[in-house]
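Remember, it's a predicted structure, so these values are computed and weren't measured experimentally.
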Amino acid sequence: MGGVGIIWFRHGLRIHDNPALMYLLDTVDVVYPVFIFDGEVAGTTLCGYNRWRFLYQSLQDLERQFVQQGGFFYTFQGKPTEIFAKIIKEWEVTHVAFEQDPEPVWQERDTSVKHLCEKMNVEWKECVSHTLWNPYEVIDENGGKPPITFAGFQEIVQSMGQPERPTPTPDFRKVKLAVLPNSQKLYGLPAFEKIGPAIETELQKKNIWRGGELIGLELLEGRMEHEIKAFKEGTCLPNQYTPNLVDAPMSLSPYLRFGCVSVRLFYWRVTDAFNKFKNDKLLDKGINEASVSVQLIWREFFYTMSVNNINFSKMKDNPICLQIAWKEDPVMLKSWKMGQTGYPWIDACMRQLRHEGWMHQVGRHAVTCFLTRGDLWISWEDGLQVFYEWLLDADWSICAGNWMWISSSAFEKFLSCPNCFCPVRYGQRMDPSGKFVRRWVPEIARYPDCYLFEPWKAPREVQEKAKCIVGKDYPEVIVEHKSAAAYNNEKMKSISQFLQEQNVALRSYCAPSDEREIREFSWLPDDDDDLTDEEDLEECEQYHTVTVKVL
């Protein structure tokens, strides 16, 4: 051993399962933990109050942990190459280690720092731990191209073997954690008010989601109790098919997005629990290891698909995205964004997003489809920007992938669940008690259940008794769903016909392999009786989607 090392934090805001940190502990004598605010790191280019606060709390947590270990957590503001050029010289640094950020938006930054290290005779080490597999290796295994189907992706990663297990708990006794004179004054975490955005709403003060590794690990323990209980009862993914929209947060996705909780730790905790508690009920339903971790594998798929595609988050010049002439309508876009569409289920989801920075996956599917091909015919890029700003777990590639999928722009061959995203019936199915809608759309809280999701149908006397007149106290619907759905469906059909007439090379690129994959992605059970409702099928006919995609 010997030398001085920097562990450079970006994502991967944790100490557990941190192979870059472990590498330094085994290689050098002195370690400096560093984080650099460069205006882009961890998705801060477009970032609202809630997500910024979550990031800041995660950094505070790291700072506390390093101080408790007798060290310090060094933060800087500026361009990474300029910061590194300065501190490498001042601290006599010999090694720099960091977690791989595989998405193309980070490659220019990382490549520049690697070149700087080489120029200054500093050894750099990039470790894979934000994903289960190295996306670049997956592409190599597939002949240099991303697998075009999720099933194909699964075959590739299965051939590569199981993901590595988490690294051991770091032993800081091996090294000295450097503490420089006046560290707090010179390198301490700046006050949030100096670097973060202003609070946007009073409800944001509640801080439902708190960032940090320690809180994330506590949440993981609670989540595992929930998962194990489901395994014992013969089921899996308990919050998927019957989502709990009103109780305390259970999702780990914000913690996975910022790397506060290791995806490898989560994967192996769930996998090991399944193997320990699997039973005939689970096996009879065809539930296996792949079933219990399928949402994590989708995460890997989207990461891999975004590699080498800098335009993955855009429609133009994006080779996997269908070019659709979406309309521009700033008024309707704002109504959707602010939760003022007149559809309580949609509005409740969007208001929760704005105030808490969170929305369950079933809500994301609903509002995405509503904005794009379902009702408003507004570009998925506009919706994606809202999610990038407000959503705690907004990840550059995963978030864009979800928007392309649900808008029928990429990743799907046929979304064969015709009534799953109806802005009325889908809400009734996911929020049968109405508690979620009443919490976030208090204007209509006094409405009886039969009118709660369709307040415009309530007679005048019911509206008066509920003290909410539609068009006065709560907006009228901004679009008539049935007619808009039918019109948009015809648009999709015309796009398909036009492309075929132009002899455009068409094939189902980045598509699901079968209906089961669609249900897994859409969080739908296999025995959904709602799908046989003829009224719903007729009303939501537009969800029969285009089956062609453009390369």
Side-chain angles (χ1 to χ4, degrees), residues 16-17 128-133 138 141 147 149-169 216-245 247-253 255-256 261-304 360-362 398 417 430 512-529 531:
H16 78 274
D17 189 29
V128 177
S129 55
H130 191 63
T131 53
L132 295 172
W133 295 274
V138 175
E141 287 289 326
T149 68
F150 182 65
F153 177 82
Q154 287 182 303
E155 289 180 7
I156 293 297
V157 297
Q158 286 172 5
S159 71
M160 295 172 65
Q162 289 276 37
E164 292 186 17
R165 285 188 175 269
T167 57
T169 302
L217 292 175
E218 290 176 5
L219 188 61
L220 173 62
E221 295 306 316
R223 174 65 176 270
M224 289 310 304
E225 292 178 5
H226 199 57
E227 297 289 340
I228 290 171
K229 180 176 182 291
F231 291 154
K232 291 180 177 179
E233 294 173 350
T235 187
C236 71
L237 303 174
N239 198 37
Q240 175 170 324
Y241 298 149
T242 54
N244 185 336
L245 303 177
D247 290 338
M250 187 174 297
S251 176
L252 289 169
S253 61
Y255 301 90
L256 295 174
V261 171
S262 160
V263 66
R264 301 192 300 191
L265 176 64
F266 187 29
Y267 173 89
W268 280 110
R269 288 290 301 275
V270 172
T271 299
D272 289 343
F274 171 79
N275 288 322
K276 180 178 180 180
F277 295 104
K278 63 184 177 183
N279 50 57
D280 290 340
K281 287 184 178 179
L282 288 168
L283 299 178
D284 289 344
K285 294 177 181 178
I287 297 174
N288 52 31
E289 282 189 10
S291 304
V292 301
S293 60
V294 66
Q295 295 301 324
L296 294 180
I297 309 305
W298 276 108
R299 176 180 185 267
E300 298 288 309
F301 180 52
F302 282 140
Y303 271 125
T304 302
H360 193 283
Q361 197 71 19
V362 297
I398 299 172
C417 41
M430 294 299 160
S513 305
D514 52 37
E515 184 175 343
R516 181 177 181 83
E517 285 183 12
I518 292 169
R519 290 181 175 277
E520 289 174 344
F521 179 84
S522 302
W523 297 55
L524 292 169
D526 292 332
D527 56 348
D528 193 333
D529 294 334
L531 300 185

Self-check item: Heavy-atom side-chain contact between Glu221 and Arg269 under 4.5 Å
Solution: yes
Quiz item: What is the minimum heavy-atom distance between Ile228 and Ala273, and which atoms define it?
Solution: CG1-CB, 4.0 Å
Exercise. For residues Val270 and Phe231, determine if any side-chain heavy atom of one lies less than 4.5 Å from a side-chain heavy atom of the other.
Key: yes
Quiz item: If you measure from CG on Asn288 to NZ on Lys278, what distance do you get to the nearest 0.5 Å?
Solution: 9.5 Å
Quiz item: Is there a donor-acceptor pair closer than 3.5 Å between any side-chain N or O of Glu300 and the backbone N or O of Trp133?
Solution: yes
Quiz item: So, do Tyr255 and Leu220 sit near enough that their side-chain heavy atoms are less than 4.5 Å apart?
Solution: no
Quiz item: Is the CD atom of Glu233 crowded by more than 12 outside heavy atoms at less than 6.0 Å?
Solution: yes
Self-check item: Approximate separation, where rounding is to 0.5 Å, of Leu283 CG and Asn279 CG
Solution: 7.0 Å
Self-check item: Rounded distance (nearest 0.5 Å) linking atom NE2 of His360 with atom OG of Ser251
Solution: 7.5 Å
Practice problem: Give, for atom CH2 of Trp298 and atom CD1 of Ile398, the distance between the pair rounded to the nearest 0.5 Å. | Solution: 12.5 Å
Quiz item: What closest approach, in Å, do Ile156 and Pro147 show between heavy atoms, and which atom pair accounts for it?
Solution: CG1-CG, 4.2 Å
Quiz prompt | Heavy-atom side-chain contact between His16 and Ser262 under 4.5 Å | solution = yes
Quiz prompt | Closest approach of Gly286 to Ser291 (non-hydrogen atoms, all atoms of both residues) | solution = O-OG, 3.7 Å
Self-check item: Separation between CD of Glu227 and CE of Met250, rounded to the nearest 0.5 Å
Solution: 8.5 Å
Quiz item: How are the rings of Phe153 and Phe150 set relative to one another: parallel (under 30°), tilted (30 to 60°) or perpendicular (over 60°)?
Solution: parallel
Quiz item: Hey, are the side chains of Cys236 and Phe274 touching, using non-hydrogen atoms and a 4.5 Å cut-off?
Solution: no
Quiz item: Are Lys229 and Glu225 within salt-bridge range, i.e. N to O under 4.0 Å?
Solution: no
Quiz item: Hey, are the side chains of Thr131 and Thr304 touching, using non-hydrogen atoms and a 4.5 Å cut-off?
Solution: no
Self-check item: Point-to-point distance, once rounded to the nearest 0.5 Å, from NZ of Lys276 to NZ of Lys232
Solution: 8.0 Å
Practice problem: List the atom of Val261, the atom of Leu256, and the distance in Å for their closest heavy-atom pair. | Solution: O-CD2, 3.4 Å
Quiz item: Is the backbone of Leu296 close enough, under 3.5 Å, to the side chain of Ser293 for a donor and an acceptor to pair up by distance?
Solution: no
Practice problem: Report the C-alpha distance between Leu132 and Val263 in whole Å, list the side-chain angles of each, state the deciding distance to 0.1 Å, and finish with yes or no for side-chain contact (heavy atoms from CB on, under 4.5 Å). | Solution: CA-CA 7 Å; Leu132 295 172; Val263 66; 4.0 Å; yes
Quiz item: Are any non-hydrogen side-chain atoms of Leu245 and Val362 less than 4.5 angstrom apart?
Solution: yes
Quiz item: Has the side chain of Lys285 got a donor or acceptor atom that lies under 3.5 Å from a matching backbone atom of Gly234?
Solution: yes
Self-check item: Side chain proximity check, Asp272 to Arg165, heavy atoms < 4.5 angstrom
Solution: yes
